[in-house]
Amino acid sequence: MRPDLAEAVTGAVFWGKAAYTMALATCGFWILTRLGRPGVSVRAPLLVLTGVLSLAAAVAVSELLRAAPEHRYSLLMGGSASVCPGYILALTAMAAPFVVWGARQFAPTRPRAAGAAVGLVTASVAATLYGLHCPERAATFVIVWYSLGILLATLVGGLLGGRLLRW
């Protein structure tokens, strides 16, 4: 945990990070529950997910454009870009077996897509938990590096879903 966590939770940046990652988790869970019922469309949750990602990209671009050119690199890289996605993946790996077990209770007809949704929801929650530790304050950092960790877990989930979620 961050030593300044009590102070950090009083700021908008902390809650902005949590809102972004929990919005992704909510979309992932919505997609997963829809994929777990044969014949149900995932169009609506995918549209909402696209909206969340588009809004996040707009926030990052806006932050970069408003920053002085000499500060843009630090907004993007922060002080922990090299470890952030790895920590998110490690937290995801610890929680994913439980989410896979839950997803196996559904009846996914597209196990790879369901596996990707497992990766998305689990990594998004992991990123939210990682945010309790991460001192980075720039939206650009969060949107790039948290999203990279989440994307990698989503891809791994998609690769493993074919095996782990078929019935």
Side-chain angles (χ1 to χ4, degrees), residues 1-36 42 45-46 48-57 59-60 75-106 108 110-165:
M1 295 291 176
R2 295 171 56 166
D4 68 337
L5 185 60
E7 180 184 335
V9 298
T10 63
V13 171
F14 178 87
W15 294 107
K17 287 195 290 189
Y20 172 61
T21 55
M22 288 311 297
L24 293 177
T26 301
C27 289
F29 185 74
W30 189 12
I31 292 166
L32 180 59
T33 59
R34 310 263 312 172
L35 286 168
V42 294
L46 286 175
V48 172
L49 177 62
T50 301
V52 169
L53 293 172
S54 297
L55 179 61
V59 168
L75 288 174
L76 176 63
M77 299 305 289
S80 59
S82 63
V83 297
C84 176
Y87 284 150
I88 291 170
L89 284 172
L91 288 169
T92 301
M94 288 188 274
F98 302 102
V99 180
V100 168
W101 177 82
R104 288 181 57 82
Q105 308 311 304
F106 296 139
R110 294 180 280 167
R112 286 188 189 271
V118 166
L120 174 60
V121 69
T122 308
S124 298
V125 172
T128 305
L129 293 175
Y130 175 67
L132 295 172
H133 166 74
C134 178
E136 303 293 348
R137 300 183 45 82
T140 302
F141 178 92
V142 171
I143 291 161
V144 170
W145 298 105
Y146 280 40
S147 298
L148 178 61
I150 293 167
L151 174 64
L152 292 172
T154 301
L155 293 173
V156 169
L159 291 173
L160 295 177
R163 256 189 205 172
L164 300 175
L165 295 174

Next item on the list: List the steps and the verdict of side-chain contact (heavy atoms from CB on, under 4.5 Å) for Val142 and Tyr20.
Entry: CA-CA 9 Å; Val142 171; Tyr20 172 61; 4.1 Å; yes

Notebook entry, point to check: Roughly how far, to the nearest 0.5 Å, is the CD1 atom of Ile150 from the CG atom of Leu24?
Noted result: 5.0 Å

Ignoring hydrogens and angles, write down the donor-acceptor pairs under 3.5 Å from the side chains of residues 86-106, residues two or more places apart or on other chains.
| from | atom 1 | to | atom 2 | distance (Å) |
| --- | --- | --- | --- | --- |
| Thr92 | OG1 | Ile88 | O | 2.7 |
| Arg104 | NH1 | Leu164 | O | 2.4 |
| Gln105 | NE2 | Trp101 | O | 3.0 |

Note to self: Just so I know, are the side chains of Val144 and Leu148 near enough to count as touching, which here means a heavy-atom distance under 4.5 Å?
What the structure shows: no

Notebook entry, point to check: If you look at every heavy atom in Phe141 and Met77, which pair is closest and at what distance?
Noted result: CE1-O, 3.3 Å

Note to self: Tell me the closest heavy-atom pair linking Ala117 and Ile31, and the distance in Å.
What the structure shows: CB-CG2, 3.9 Å

Notebook entry, point to check: Hey, is CZ on Phe29 packed in by over 12 heavy atoms from elsewhere, all under 6.0 Å?
Noted result: no

Item checked: Minimum side-chain heavy-atom gap Cys134-Tyr146 below 4.5 Å -> yes

Next item on the list: Report the C-alpha distance between Trp30 and Val48 in whole Å, list the side-chain angles of each, state the deciding distance to 0.1 Å, and finish with yes or no for side-chain contact (heavy atoms from CB on, under 4.5 Å).
Entry: CA-CA 10 Å; Trp30 189 12; Val48 172; 3.6 Å; yes

Check: Between Trp145 and Ser80, is there a donor-acceptor pair closer than 3.5 Å when you use the side chain of the first and the backbone of the second?
Finding: no

Checklist line | side-chain hydrogen bond (donor to acceptor under 3.5 Å, both in side chains) partners for Thr21, two or more places apart | finding: Thr128

Next item on the list: Rounded to the nearest 0.5 Å, what's the gap from NZ on Lys17 to CZ on Arg137? Could you check?
Entry: 8.5 Å

Next item on the list: Taking the side chain as every heavy atom from C-beta outward, state whether Val42 and Arg110 have any atom pair closer than 4.5 Å.
Entry: yes

Note to self: For the backbone of Val121 and the side chain of Ser124, can you confirm whether one donor and one acceptor N or O come within less than 3.5 Å of each other?
What the structure shows: no

Margin query: Are Leu159 and Leu155 packed together at the side-chain level, in the sense that at least one heavy-atom pair is separated by less than 4.5 angstrom?
Written below: no

Checklist line | Interatomic spacing from CG in Leu35 to CZ in Arg112 - rounded to 0.5 Å | finding: 14.0 Å

Note to self: For Ala56 versus Ile143, what's the shortest heavy-atom pair and its separation?
What the structure shows: O-CD1, 2.9 Å

Checklist line | Stepwise side-chain contact (heavy atoms from CB on, under 4.5 Å) check, His133 with Tyr130 | finding: CA-CA 5 Å; His133 166 74; Tyr130 175 67; 3.7 Å; yes

Check: In a check of side-chain contact (heavy atoms from CB on, under 4.5 Å) between Cys27 and each of Leu49, Thr50, Leu53, Leu32, which one passes?
Finding: Leu49

